[in-house]
Amino acid sequence: MNSHSPTPDKDAMLHPELLAHDDPDAIIRDGRRLDHAEGTSKPQRSRSEPQPRGANIRGNRSVDQAEAAGRFIAATEHQKMHDERLWDLRQKRGGEMHAVSEWEELRSLASAIKEHTLTHLDEYLDQFETNARANGIHVHWARDAVEHNQIVHGILSDHGAKSLIKSKSMLTEECGLRPYLASVGIEVIETDLGERIQQLGNEDPSHVVVPAVHKLRTDVADVFSRTIGTDPENSDVHYLAEAQREATRPLILNADAGMTGANFVVAETGTFVVCTNEGNADLSSNVPKLHIASIGIEKIIPRLEHLAVLVRMLSRSALGSPMTQYTSHFRGPRAGGEMHVVLVDNGRSERLGLEKFWTSLKCIRCGACMNTCPVYRRSGSLSYGATYSGPIGLIIDPTFNARKYSNLPFASSLNGSCTNVCPVKINIHEQIYAWRQVLVREHEVPFVKKAAMKAAGALLSQPAAYRAAVATAETALAHLPRFAIYNGLNAWGKHREVPHPTKQTFHSWYHANRGAK
């Protein structure tokens with residue numbers, strides 16, 4: 001760029017609602033709103049309520065997302081904070097999108113890169129293994145979660161490791177690694193702040209990027225006071241973060257092994273990339289001599305030039321920031337150290353063969369679909385009872401267990417906002433609808449819901465009967481007792497009043513005004 005060219009006015013590129021010049025909670029520096037770091041969330045000033053817990057898990061029975069969501073909605077302070085916090089990230093993503101003129105071209109390119117890789121997955125995985133081994137990396141293959149956990153345990157046992165520090169990894173959550181290692185006497189310490197909060201609170205992560213986003217600062221103060229001895233009355237975020245750092249740093253310095261996941265894996269170079277904002281992945285990978293990386297096979301991409309496209313999309317989509325604070329490239333073990341990569345299938349190959357659902361493997365775990373989803377924002381991230389929640393979870397989770405997660409695809413309004421913000425153009429809302437069809441066909445839908453839909457389908461398929469029903473609805477609502485309308489068959493009526501029918505339908509208006517023509 002010419003050094004004398006005028007600097008573009010970023011405000012001119014943004015929608016007015018994203019500027020928020022009159023926001024009383026905005027932090028202003030040098031006349032401009034601070035959009036990142038401490039400016040990324042609004043303070044909650046009122047006294048907090050107890051944090052509602054997530055979905056009740058009962059073996060292989062269907063997760064009742066609606067019940068857990070109802071409890072979260074009833075906790076009005078948590079529900080309001082969760083909605084506002086995630087919508088704030090969604091707005092910041094919008095600001096970054098409008099600041100990049102080639103945004104839609106990048107989305108198309110990112111989608112094409114991932115689709116090409118998935119349709120040649122075996123070739124690129126073989127290429128990565130060859131190049132990684134040439135770099136001095138030990139490469140392992142795990143067919144499922146059980147095999148993954150056994151491989152990791154074997155590596156740790158071979159090195160006499162009794163403690164493992166790890167950075168954020170949804171794959172290890174998916175595989176249940178932490179409880180497995182605890183059962184064999186190996187301590188696991190999460191180094192990501194949000195993950196550590198969830199670990200100390202004995203909860204699963206609630207979001208693929210911000211795992212403790214459902215918690216108020218007072219919830220964190222309560223967890224820390226019970227586990228690391230902080231003042232239960234002090235919920236200052238700086239105090240809490242510093243206390244956690246002081247408590248965890250000695251565990252990091254004395255750990256026997258370190259573990260990371262990976263955001264992207266480059267076949268061309270045999271390397272992998274981890275993106276964080278805390279630097280904890282660098283500590284986990286470099287402080288101990290032993291570094292293990294657990295990586296899903298779908299994270300592979302062909303070349304470094306493709307990495308440049310995806311890195312530009314990741315943080316902008318996730319947090320509305322230009323890039324992560326740390327984008328760490330791992331090519332081989334540190335001097336005097338040892339590096340192991342575990343490539344994990346765990347159902348991914350099977351999903352790759354599903355005609356309507358294979359493109360869900362394009363997901364780069366940015367969480368943009370969660371941040372924009374009105375159901376996810378309001379129902380609480382732990383209400384889904386699964387490793388992956390929100391819109392992307394609705395299409396991933398049933399591939400693991402269709403019966404257990406049969407209710408999840410119905411926790412959507414099918415508004416399509418998730419598809420619109422996806423950086424790799426996954427048709428998420430269409431796949432959610434497709435899963436509904438599959439689950440009905442495979443008899444994984446509750447009898448009451450299936451009966452109601454069958455009755456509605458019969459009514460809607462007969463125009464004369466439908467118009468007669470509409471014509472009598474007003475009288476019925478006025479005279480029927482409430483128990484006849486508000487009961488277990490009427491899910492709508494659990495949380496809202498049934499709306500009164502319109503005085504005049506479009507059909508009757510059209511017949512009266514245009515019928516003769």
Side-chain angles (χ1 to χ4, degrees), residues 110-135 137-152 154-155 166-177 208 259-275 281 291-304 306-307 309-311 314 329-331 339-355 357-366 387-388 392-393 395-401 423-424 426 431:
S111 177
I113 291 168
K114 293 295 287 184
E115 285 198 18
H116 166 78
T117 311
L118 290 170
T119 54
H120 299 79
L121 190 57
D122 55 339
E123 301 171 24
Y124 289 117
L125 287 171
D126 283 343
Q127 184 182 359
F128 170 77
E129 180 182 28
T130 298
N131 293 329
R133 290 187 186 280
N135 294 339
I137 300 174
H138 300 273
V139 180
H140 309 261
W141 298 85
R143 286 170 293 187
D144 54 28
V146 171
E147 198 163 280
H148 165 267
N149 294 344
Q150 290 173 344
I151 289 171
V152 173
I155 297 169
K166 65 181 289 290
S167 65
K168 190 176 188 305
S169 165
M170 295 305 296
L171 177 61
T172 59
E173 297 288 345
E174 175 188 321
C175 293
L177 177 67
V208 296
M259 171 175 274
T260 67
N263 293 91
F264 307 105
V265 180
V266 185
E268 174 187 41
T269 57
T271 61
F272 59 96
V273 175
V274 181
C275 303
H291 175 196
I292 305 171
S294 293
I295 304 172
I297 57 174
E298 83 282 10
K299 296 295 183 71
I300 198 88
I301 57 174
R303 296 191 293 275
L304 278 174
H306 302 139
L307 177 66
V309 174
L310 293 162
V311 166
L314 178 61
H329 296 243
F330 296 96
R331 189 182 185 92
M339 180 182 287
H340 293 255
V341 165
V342 186
L343 295 170
V344 185
D345 188 320
N346 202 35
R348 286 157 175 78
S349 293
E350 183 178 354
R351 198 188 318 163
L352 192 59
L354 299 176
E355 181 181 358
F357 306 112
W358 71 273
T359 57
S360 63
L361 290 165
K362 293 193 296 182
C363 177
I364 61 173
R365 304 292 193 267
C366 69
T387 299
Y388 303 105
I392 192 64
I395 60 179
I396 290 179
D397 295 329
T399 66
F400 294 120
N401 189 329
V424 289
I426 302 172
Q431 292 191 37

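Only this structure's heavy atoms are used, side chains among them; waters, hydrogens and symmetry mates stay out.
- Ring geometry for F272 versus F330: interplanar angle under 30°, hence parallel rather than tilted (30 to 60°).
- Closest of all the heavy-atom pairs between A293 and G261 is CB-O, 4.4 Å.
- Under 4.0 Å is where a charged nitrogen must lie from a carboxylate oxygen, and between E174 and R348 at least one such pair does.
- Between the side chain of N135 and the backbone N or O of N131, at least one donor-acceptor pair lies under 3.5 Å.
- Across M259, M339, H340, a single residue satisfies side chain to side chain contact (heavy atoms under 4.5 Å, CB included) together with H291, and that is M339.
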- Message: For T172 and K166: C-alpha separation, side-chain torsions, deciding distance, then whether side-chain contact (heavy atoms from CB on, under 4.5 Å) applies.
- Response: CA-CA 10 Å; T172 59; K166 65 181 289 290; 3.1 Å; yes
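- A132 is linked by a side-chain contact (heavy atoms from CB on, under 4.5 Å) to F128, I137, V139, counting only residues two or more places apart in sequence or in another chain.
- The two residues V208 and R365 have their closest heavy-atom pair at CG2-O, 3.7 Å.
- In this structure, Q127 CD and T269 OG1 are separated by 9.0 Å, a value rounded to the nearest 0.5 Å.
- Side-chain atoms of N346 never come within 3.5 Å of backbone atoms of L171 as a donor-acceptor pair (strictly under, hydrogens ignored).
- When atom types are taken as modelled, the side chain of N149 and the backbone of C175 share a donor-acceptor pair closer than 3.5 angstrom.
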- Does the side-chain contact (heavy atoms from CB on, under 4.5 Å) test come out yes or no for E350 and T399, once each step is laid out? CA-CA 8 Å; E350 183 178 354; T399 66; over 6 Å; no
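- In this structure, H116 contributes its side chain and I113 its backbone to no donor-acceptor pair below 3.5 Å.
- The two residues P423 and A110 come nearest to each other via the heavy atoms O-CB, 3.7 Å.
- Between I395 and P398, the shortest heavy-atom contact is C-CD, 4.0 Å.
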- Check the pair L354 / R351 against side-chain contact (heavy atoms from CB on, under 4.5 Å), numbers first and verdict last. CA-CA 5 Å; L354 299 176; R351 198 188 318 163; 4.2 Å; yes
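- If you take OG1 on T119 and CG on D122, they are separated by 9.5 Å, rounding to the nearest 0.5 Å.
- The CD1 atom of I301 lies 4.5 Å from the CG atom of L307; values are rounded to the nearest 0.5 Å.
- Rounded to the nearest 0.5 angstrom, E298 CD and W358 CH2 are separated by 13.5 Å.
- Here the straight-line distance linking atom CD1 of I151 with atom CH2 of W141 works out to 11.0 Å at 0.5 Å rounding.
- Contact detail for I392 and C363: the closest heavy-atom pair is CG1-SG, 3.9 Å.
- Remark: H306 NE2 to K114 NZ distance equals 12.0 Å, nearest 0.5 Å.
- Across N263 and C275, no two heavy atoms sit closer than the pair OD1-N, 2.7 Å.
- Between the side chain of K299 and the backbone N or O of A262, at least one donor-acceptor pair lies under 3.5 Å.
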- Show your working on side-chain contact (heavy atoms from CB on, under 4.5 Å) between V265 and Y124 and close with a plain yes or no. CA-CA 10 Å; V265 180; Y124 289 117; over 6 Å; no
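- The 12-atom threshold is not exceeded at CZ of R143, counting heavy atoms of other residues, nucleotides or ligands nearer than 6.0 Å.
- Counting heavy atoms from C-beta outward, S349 and I297 have side chains that approach closer than 4.5 Å.
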